[in-house]
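Notes follow the structure.
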Protein chains: 2
Amino acid sequence: MPRDGTITRTRILDATLALAMEKGLAATSLDEIIAKTGITKGAFFYHFKNKNELAITLVRRFAEQDHEIYKTATARVETLSRDPLQQVLLLCGLGAELFKEVPENPGCLMASYCYQGDLWSEEARQVCEVALKEWADWIEAKLKQAAKKNPPAVPVDLRQVAEMFQVIFEGAFILARTYNQPDIIARQVLAYRDMLEALFKPAAKPRRSR
Amino acid sequence: MPRDGTITRTRILDATLALAMEKGLAATSLDEIIAKTGITKGAFFYHFKNKNELAITLVRRFAEQDHEIYKTATARVETLSRDPLQQVLLLCGLGAELFKEVPENPGCLMASYCYQGDLWSEEARQVCEVALKEWADWIEAKLKQAAKKNPPAVPVDLRQVAEMFQVIFEGAFILARTYNQPDIIARQVLAYRDMLEALFKPAAKPRRSR
DNA sequence: TAATTTATACCGACTAGTTGGTATAACATG
DNA sequence: CATGTTATACCAACTAGTCGGTATAAATTA
């Protein structure tokens with residue numbers, strides 16, 4: 001076989017991701033991508049038939065990587081603790097740890113896409129939806145188990161509380177950019193964790209004081 | 001004096017806002033804006049010296065409107081209840097109400113901007129930062145008052161909890177688009193409210209069960 | 001009050017450069 | 001030499017922005 005094209009392909013995707021995070025894919029020209037990758041137009045169009053295909057390939061790869069993180073993170077917290085609530089709290093801790101020190105401008109490709117109609121094809125939307133849902137499903141299941149053990153302090157829609165995990169991330173990315181303060185991401189996730197803890201804190205039973 | 005130009009100016013801004021929400025301002029050409037407004041290039045460049053000036057004018061107007069909402073909403077909840085925690089909870093209720101039935105594709109111009117580097121000038125960033133901060137400041141103050149009355153169920157950074165209000169909105173916008181399910185915004189805000197309530201729920205005092 | 005001036009508001013053809021995309025030939029490697 | 005990979009040259013459409021000119025109506029003047 002002739003030389004390996006997958007290297008070039010990966011480099012194109014990496015360059016595109018960086019540019020998309022920085023300035024949005026819609027505002028990024030192919031010439032920029034090509035320049036950043038260090039190739040030529042011919043090479044680019046050999047690997048991708050157009051910009052749109054690049055876009056959905058990129059989001060697909062993003063979703064795959066997200067899936068990997070999901071698998072390892074959930075597996076890890078499930079070995080770290082046997083208690084479902086603790087597992088969720090630990091997951092938050094891991095999430096905060098991940099964003100403790102990220103020098104680069106943090107953000108989410110999916111969020112970037114959904115504010116740029118051109119790229120937001122139904123296809124891309126579904127890829128994102130699937131990627132997001134698996135996290136929410138896992139957390140929801142854990143919270144329901146936790147609720148069985150001891151009910152939440154107030155009646156609450158646990159599906160929403162589970163989905164809030166990603167809401168926090170997506171929202172925190174935006175605030176981090178607006179405040180120019182990347183550490184807000186970790187702090188928000190930790191605040192979410194603390195509120196979860198409060199929600200499931202067993203009501204002080206009416207025994208006499210300790 | 002000739003006919004009133006502010007009408008045209010406003011129509012340009014309205015059209016631009018709609019297009020920016022739908023597909024992002026970076027991906028929107030002046031020709032589209034002109035077509036949607038129903039004017040010509042000449043008229044556009046009479047009112048705005050370039051696209052960038054349009055962008056920051058738009059975000060400025062957005063921030064002003066946000067400020068108005070802030071003022072009326074906080075004033076309203078402060079008359080509805082005297083208790084600081086209740087005021088915050090009510091504010092969430094109002095927020096949820098606002099997004100109960102919004103037919104159009106909901107979103108935030110600031111979020112849109114910060115994923116499109118071209119528009120994300122330092123100037124625009126500061127406008128957004130100020131707009132966001134006033135909400136967080138108000139909520140934080142209220143929560144601190146509430147905490148004085150009775151401490152939160154777990155130790156928690158109240159500044160983060162306050163900022164979470166907007167984190168929820170920004171994040172929910174993105175999930176609403178990804179899930180193609182606009183009602184997620186209201187439901188998320190309500191879930192946040194419920195978690196706040198749990199956080200400040202007075203620990204069941206060790207009296208005998210009534 | 002009628003004619004003239006002046007400033008604002010708008011028009012639409014034009015340009016210089018950029019865009020995504022194509023055609024085709026060269027090169028590498030098994 | 002056959003196949004996969006990359007380079008060069010090019011194009012038509014579109015981009016933001018310019019420019020000379022026109023329409024409108026209030027203010028000024030005769």
Side-chain angles (χ1 to χ4, degrees), chain A residues 1-20 22-59 61 112-113 115-121 123-124, chain B residues 1-20 22-59 61 112-113 115-121 123-124:
Chain A
M1 278 195 205
R3 52 211 234 250
D4 187 10
T6 64
I7 297 164
T8 304
R9 201 183 151 88
T10 306
R11 282 189 30 241
I12 293 172
L13 288 169
D14 289 341
T16 307
L17 179 64
L19 288 166
E22 192 190 320
K23 51 186 293 191
L25 189 48
T28 303
S29 71
L30 292 184
D31 285 343
E32 285 174 281
I33 294 168
I34 285 158
K36 178 140 189 163
T37 312
I39 54 163
T40 59
K41 261 206 173 148
F44 176 86
F45 279 99
Y46 171 75
H47 290 285
F48 301 95
K49 79 168 205 278
N50 54 35
K51 196 182 177 181
N52 233 56
E53 203 194 78
L54 168 67
I56 114 102
T57 305
L58 189 64
V59 75
R61 193 182 70 154
S112 167
Y113 273 33
Y115 274 113
Q116 307 185 35
D118 293 9
L119 315 164
W120 202 232
S121 59
E123 198 178 356
Chain B
M1 287 226 179
R3 46 215 237 250
D4 188 10
T6 63
I7 297 165
T8 305
R9 203 183 150 87
T10 306
R11 283 190 29 243
I12 292 172
L13 288 169
D14 289 342
T16 307
L17 179 64
L19 288 166
E22 192 190 320
K23 52 185 291 191
L25 189 47
T28 302
S29 72
L30 292 185
D31 286 343
E32 286 173 281
I33 293 168
I34 285 158
K36 177 140 188 162
T37 311
I39 54 164
T40 59
K41 271 248 161 101
F44 176 86
F45 280 99
Y46 172 76
H47 288 286
F48 301 96
K49 80 169 206 278
N50 54 38
K51 195 182 177 181
N52 234 56
E53 204 195 75
L54 168 67
I56 112 102
T57 305
L58 189 64
V59 75
R61 193 182 70 154
S112 168
Y113 273 33
Y115 275 113
Q116 306 185 36
D118 293 9
L119 315 163
W120 200 231
S121 59
E123 198 178 356

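On a predicted model such as this, the values are computed, not experimentally measured, just so you know. Labels below follow one simple rule: chain letters A, B, ... track the order of the sequence lines, proteins then strands, and each chain is numbered from 1.
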OP1 or OP2 of [N] under 4.0 Å from side-chain N/O of [X]:
| X | N | value |
| --- | --- | --- |
| Y46(B) | dC10(C) | no |
| T8(B) | dC10(C) | yes |
| H47(A) | dG4(D) | no |

Problem set entry | Exam field: side chain K51(B) to backbone L25(B), donor-acceptor pair closer than 3.5 Å | yes
Problem set entry | Polar side-chain atom of Y113(B) near backbone of S121(B) as donor-acceptor pair, under 3.5 Å |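 Absent.
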For this session: Pick out which of I12(B), I39(B), L13(B) makes a side chain to side chain contact (heavy atoms under 4.5 Å, CB included) with I33(B).
Result: I12(B)
Quick one: [X] [atom1] to [N] [atom2], roughly how many Å, whole number?
| X | N | atom1 | atom2 | value |
| --- | --- | --- | --- | --- |
| R9(B) | dT8(C) | CZ | P | 14 Å |
| I33(A) | dT18(C) | CD1 | P | 17 Å |
| E32(A) | dT18(C) | CD | C1' | 11 Å |
| R11(A) | dT5(D) | CZ | C1' | 13 Å |
| D31(A) | dC14(D) | CG | P | 18 Å |

Problem set entry | Nucleotide nearest I39(A) when distance is taken to its side chain, options dA7(D), dT15(D), dG12(C) |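 That would be dA7(D).
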Exercise. Just by distance, with hydrogens left out, do E53(A) and T57(A) show a side-chain donor and acceptor under 3.5 Å apart?
Worked result: no
Seminar exercise, completed: Once base and sugar-phosphate atoms are separated, protein heavy atoms under 4.0 Å mark nucleotides 21-26 of chain C, 5' to 3', with B, S and - as BB----
Exercise. What does S29(B) touch in the nucleic acid at a heavy-atom separation under 4.0 angstrom: a base, only the sugar-phosphate, or nothing?
Worked result: sugar-phosphate
Exercise. Counting any heavy atom closer than 4.0 Å, what does T37(A) reach on the DNA or RNA strands: base, sugar-phosphate only, or nothing?
Worked result: nothing
Exercise. For F44(A) and I34(A), which heavy atoms make the closest approach, and how far apart are they?
Worked result: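 In terms of heavy atoms, the two residues are closest at CB-CG1, 4.1 Å.
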For this session: Check S112(A) against A20(A) and note the closest heavy-atom contact, atom names and distance.
Result: OG-O, 3.9 Å
Exercise. Residues two or more places apart in sequence or in another chain: which of them pass salt bridge (charged side-chain N to carboxylate O under 4.0 Å, His left out) with K23(B)?
Worked result: E32(B)
